[in-house]
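Since the model is a prediction, treat every value here as computed from it, not as a measurement.
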Amino acid sequence: MVDGLRFKTARQLFAACPTAAGDMLAVPDDRPSVAFCRALLAGRTPEEAISFCACMLPTRAAVWWGHECLGNLGDLLDEQDHGLLAEVQAWVGGSDAWFGEDEAIERRTSAGWIALAARNGPQDEAARAVATGILMGLARVALDDRRSVLADFVEMGIALAEAEALQQA
């Protein structure tokens, strides 16, 4: 496990990201953040691991994670969503992306939520938008595949959080 994560424990994450407490039934404790996230993934409501992971990441990394998750859904997204994801990719790369017409974002599709996260300020609101976009995309996945795709998304988020911690060290 990597030291130096933004939030060493689940309790610290919940304190810093108040929307997490409202979005999740899980009760934070003093387990390391990654262990808590994996316990959520193995629990009764594994989708909570998506919300937790979104809070674990800084905003730009969370938006990138959302982009990567949705990018793995390919044909399950429409052309407008793919266009928004291209703009999200440009934003993560440092450009001042426009994110299409406001109506495109206001449509509140999976990619629209990720674009909203990039446009909005507060960390916990951006995390909520990323989690919403990922979960909406996940809802398009066939039921037989959903659990494994969810696990892949969470592990990708954990790996990104650990990479972010190493970069900051």
Side-chain angles (χ1 to χ4, degrees), residues 5-7 10 13-14 17-28 33-89 91-92 97 99-100 104-120 122-164:
L5 289 175
R6 287 182 58 214
F7 307 106
L13 182 140
F14 274 69
C17 195
T19 60
D23 292 345
M24 299 167 52
L25 296 173
V27 177
S33 294
V34 170
F36 188 85
C37 189
R38 286 196 173 117
L40 289 173
L41 182 60
R44 290 182 49 189
T45 314
E47 295 82 3
E48 288 188 343
I50 296 286
S51 296
F52 189 86
C53 217
C55 289
M56 202 165 51
L57 293 162
T59 298
R60 193 169 291 272
V63 168
W64 180 247
W65 175 55
H67 169 275
E68 290 298 285
C69 289
L70 295 184
N72 282 312
L73 298 180
D75 292 340
L76 297 177
L77 301 179
D78 66 21
E79 188 175 316
Q80 193 169 18
D81 283 332
H82 285 290
L84 283 170
L85 287 178
E87 293 182 54
V88 165
Q89 181 176 1
W91 178 82
V92 170
F99 298 110
I105 292 176
E106 304 237 345
R107 229 172 40 121
R108 300 290 199 269
T109 63
S110 302
W113 280 103
I114 304 301
L116 272 172
R119 278 186 23 170
N120 288 339
Q123 164 70 34
D124 62 333
E125 290 178 22
R128 177 183 268 171
V130 168
T132 299
I134 292 171
L135 290 170
M136 285 180 69
L138 190 62
R140 297 178 185 190
V141 174
L143 281 174
D144 291 344
D145 300 328
R146 197 168 294 163
R147 182 96 175 172
S148 67
V149 171
L150 178 111
D152 289 346
F153 287 175
V154 170
E155 289 300 328
M156 186 188 324
I158 289 171
L160 189 53
E162 291 176 334
E164 286 286 318

inquiry  = Looking at Gln123 and Pro58, would you say the former's side chain and the latter's main chain have a donor-acceptor pair under 3.5 Å?
reply    = no
ask   = To the nearest 0.5 Å, how far apart are CZ in Phe153 and CG in Leu73?
value = 4.5 Å
query = For the residue pair Ser110 and Leu77, what are the closest heavy atoms and their distance?
reply = CB-CD2, 4.3 Å
Side-chain H-bond candidate by donor/acceptor type, Asp23 with Ser51, under 3.5 Å = no
remark   = In terms of heavy-atom contacts, Ala117 and Val130 come closest through CB-CG2, 3.5 Å
query = Taking atom CD of Glu48 and atom CG of Leu41, what is their separation to the nearest 0.5 Å?
reply = 11.5 Å
Whether Phe36 and Phe14 hold their rings parallel, tilted or perpendicular, with breakpoints at 30° and 60° = perpendicular
Considering all heavy atoms, the nearest Leu160-Trp65 contact = CD2-CB, 3.8 Å
Nearest atoms (heavy-atom pairs only) where Arg140 meets Leu76 = NH1-O, 2.7 Å
Closest contact, heavy atoms only, Ala49 versus Val154 = CB-CG2, 3.7 Å
task = Begin from the C-alpha positions of Gln80 and Thr109 and carry the test side chain to side chain contact (heavy atoms under 4.5 Å, CB included) through to its verdict.
result = CA-CA 9 Å; Gln80 193 169 18; Thr109 63; over 6 Å; no
query = Between Trp64 and Arg60, is any pair of side-chain heavy atoms under 4.5 Å apart?
reply = no
key: Separation of Leu85 CG from Gln89 CD (nearest 0.5 Å)   = 9.0 Å
task = Could you grab the distance from atom CG of Asn72 to atom CD1 of Ile134, nearest 0.5 Å is fine?
result = 10.5 Å
request  = With the side chain counted from C-beta on, respond yes when Ile114 and Leu84 share a heavy-atom pair under 4.5 Å apart, and no when they do not.
outcome  = no
remark   = Taken to the nearest 0.5 Å, the spacing of Phe52 CZ from Leu13 CG works out to 4.5 Å
key: Side-chain (His82) to main-chain (Asp75) donor-acceptor, under 3.5 angstrom   = no
Residue pair Arg44, Leu25: steps toward the side chain to side chain contact (heavy atoms under 4.5 Å, CB included) verdict = CA-CA 10 Å; Arg44 290 182 49 189; Leu25 296 173; over 6 Å; no
Backbone of Ala161 reached by a side-chain donor or acceptor of Arg6 within 3.5 Å = no
inquiry  = If you compare all heavy atoms of Arg146 against all heavy atoms of Leu138, which two are closest, and at what distance to 0.1 Å?
reply    = NE-O, 3.2 Å
message = Nearest 0.5 angstrom please: Arg38 CZ to Ile158 CD1, how far?
response = 4.0 Å
task = Taking the side chain as every heavy atom from C-beta outward, state whether Arg108 and Thr132 have any pair of such atoms under 4.5 Å apart.
result = no
